[in-house]
Amino acid sequence: MKKIIVVFGTRPEAIKLCSLVLELKKNHEFKTLVLVTAQHREMLDQVLSIFNVVPDYDLNIMGVNQTLFDITSRVLVETGKILEKERPDFVIVQGDTTTTFATALAAFYLQIKVLHVEAGLRTYNKYSPFPEELNRKMTGAIADFHFAATERNKSNLLKEGVPETNISVTGNTVIDSLLWVKEKMLKNQSGYTQLDALDLDRKIILITGHRRENFGIEFENICNAIKKIALTYKDIDVVYPVHFNPNVRKPVNAILAGIPNVKIIEPLEYEPFVFLMIKSFLIITDSGGIQEEAPSLGKPVLVIRNTTERQEAVEAGCVKLVGTNLENIFNEAKKLIENEEEYIAMARIENPYGDGKACEKISHRIKDL
Ligand code: UD1
Ligand code: UDP
């Protein structure tokens, strides 16, 4: 029997790994354990409860306004202790958070094999996204096997000298989770209390934003662009479920609170969030995961970043990189609001990130490792 420990800490890792945990647990040749660092607390718990995943270990490391030093050192030391005790055959990590990198490093120090899910994303700009670009590169340097979401991600790894035999292209597990939650949504008869304060019959622009490299003036530009959109188009509601990070909350509240058609709400559970994406006309975000989910839902996305490692959806025409300049963000939103042809051209269903079978493929491949 192969012992596997799946490790994650933040909301997006949880969304992308819970469906894999459920899949691995179906296979009785595996003993699958779950270790959460709780780099995020509330936002992680929201996901665990929706997927009904109960961690075997919970390190509960989150501190308010934590630094990269705090997260890296706590995860390295505390995860190391559990890995040393459990001595699994494989550690699975996902993506590019500091939990991902520090866990891979802990496993490496103990000479335990690391399997990296969502491997091979690159912008080739070490400060954008920060610190994710180097987190994923360093995790890739440690990993023994790489599950790439797309052929492009695979070719990035090949260019870096990873042997082809150590890479498998599976699609992104986020699509598995998205389809799983959509299925659950269809059975929901009672609606979502978290959305009670919203008028879902109005036209909605959905906003999320949290990237470290945008903090400061760029985040203020983004908020001012959102303000201009809301003040110009009073028939549209701008809905913003705000990340708990104090560096995000401060400018959002300072610039956007009190505008009648800007609805500032708490982070949503995954199921109501997907429901709201489906209800929305347009999504403006710096999120990685949303760039992958929205094309499957046929929702246009304006990405408020200067780089993206997710070029597939940009090339498919459903996602546009608009940077952090106030006027640029406003003008790109204006085009989609006022020009139906522009809107229709972007609002197409595309599935560059897979068919929802990534977890099955990963589980099969692990059997043969
Ligand atoms: C982290 C990841 C980022 C990922 C993002 C997803 C790193 C360095 N960054 O960034 O790659 O895209 O998660 O959201 O790994 N907080 C709470 N409750 C929560 C979550 C966060 O209060 O449930 C607050 C805390 O004050 C915490 C702060 O937000 O210190 C920042 O959290 P942190 O994990 O350091 O950074 P994120 O910006 O969330
Ligand atoms: N999401 C959610 N509730 C919210 C906002 C986002 O469940 O209020 C989901 C979203 O569907 C996506 C993931 O969280 O799957 C993205 O997380 P985040 O933007 O925090 O991180 P990133 O993807 O940028 O790493």
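Numbering of ligands and ligand atoms starts at 1, following listing order.
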Looking only at heavy atoms, which two atoms of Ala107 and Val114 are closest? And how far apart?
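Minimum heavy-atom separation between Ala107 and Val114: CB-CG2, 3.5 Å.
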
Please indicate whether any nitrogen or oxygen in [X] is less than 3.5 Å from any nitrogen or oxygen in ligand 1.
| X | result |
| --- | --- |
| Arg11 | no |
| His40 | yes |
| Val64 | no |
| Thr98 | yes |

Looking at [X], which atoms of ligand 2 are within less than 4.0 Å of one of its heavy atoms?
| X | result |
| --- | --- |
| Gly288 | 22 (P), 23 (O), 24 (O) |
| Arg211 | 24 (O) |
| Pro267 | 8 (O) |
| Tyr270 | 7 (O), 11 (O), 15 (O) |

Against heavy atoms of [X], which atoms of ligand 1 measure under 4.0 Å?
| X | value |
| --- | --- |
| Ile71 | 35 (O) |
| Gln66 | 27 (C), 30 (O), 32 (O), 33 (P), 34 (O), 35 (O) |
| Met43 | 19 (C), 20 (C), 23 (O) |
| Pro246 | 26 (O) |
| Thr97 | 11 (O), 15 (O) |
| Gly63 | 25 (C), 26 (O), 27 (C), 30 (O) |
| Arg41 | 19 (C), 23 (O) |
| Asn65 | 25 (C), 26 (O), 27 (C), 30 (O) |

Of the side chain and backbone of [X], name the one, both, or neither that has a heavy atom under 4.0 Å from an atom of ligand 1.
| X | result |
| --- | --- |
| Pro131 | side chain |
| Leu68 | side chain |
| Glu42 | both |
| Pro129 | neither |

In sequence, state the C-alpha distance, the side-chain angles, and the governing distance for Asn65 and Asn245, and then conclude on side chain to side chain contact (heavy atoms under 4.5 Å, CB included).
CA-CA 7 Å; Asn65 214 357; Asn245 194 327; 4.2 Å; yes

With backbone taken as N, CA, C and O and side chain as the heavy atoms from C-beta onward, which portion of [X] lies under 4.0 Å from ligand 2: side chain, backbone, both, or neither?
| X | result |
| --- | --- |
| Ser287 | both |
| Gln46 | neither |
| Leu268 | both |
| Met43 | neither |

Quick check on side-chain contact (heavy atoms from CB on, under 4.5 Å): which of Thr285, Val301, Leu268, Ile283 does Met277 satisfy it with?
Ile283

Mark yes or no for whether Arg41, through its side chain, and Met62, through its backbone, hold a donor-acceptor pair below 3.5 Å.
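No, Arg41 side chain to Met62 backbone: no donor-acceptor pair under 3.5 Å.
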
Can any side-chain N or O of Tyr343 pair as donor or acceptor with the backbone N or O of Phe281 at less than 3.5 Å?
yes

Any nitrogen or oxygen of [X], side chain or backbone, less than 3.5 Å from one on ligand 2?
| X | result |
| --- | --- |
| Arg11 | yes |
| His243 | no |
| Met277 | no |
| Lys16 | no |

Could you check whether the rings of Tyr192 and Phe275 sit parallel, tilted or perpendicular, using 30° and 60° as the cut-offs?
tilted

Lys85 vs Tyr57, side chain to side chain contact (heavy atoms under 4.5 Å, CB included): CA-CA, chis, key distance, verdict
CA-CA 12 Å; Lys85 177 178 147 216; Tyr57 295 100; 2.8 Å; yes

Output, in order, the C-alpha distance, side-chain angles, deciding distance and verdict of salt bridge (Lys or Arg N to Asp or Glu O under 4.0 Å) for Glu133 and Arg136.
CA-CA 6 Å; Glu133 175 70 1; Arg136 58 197 173 214; 2.6 Å; yes

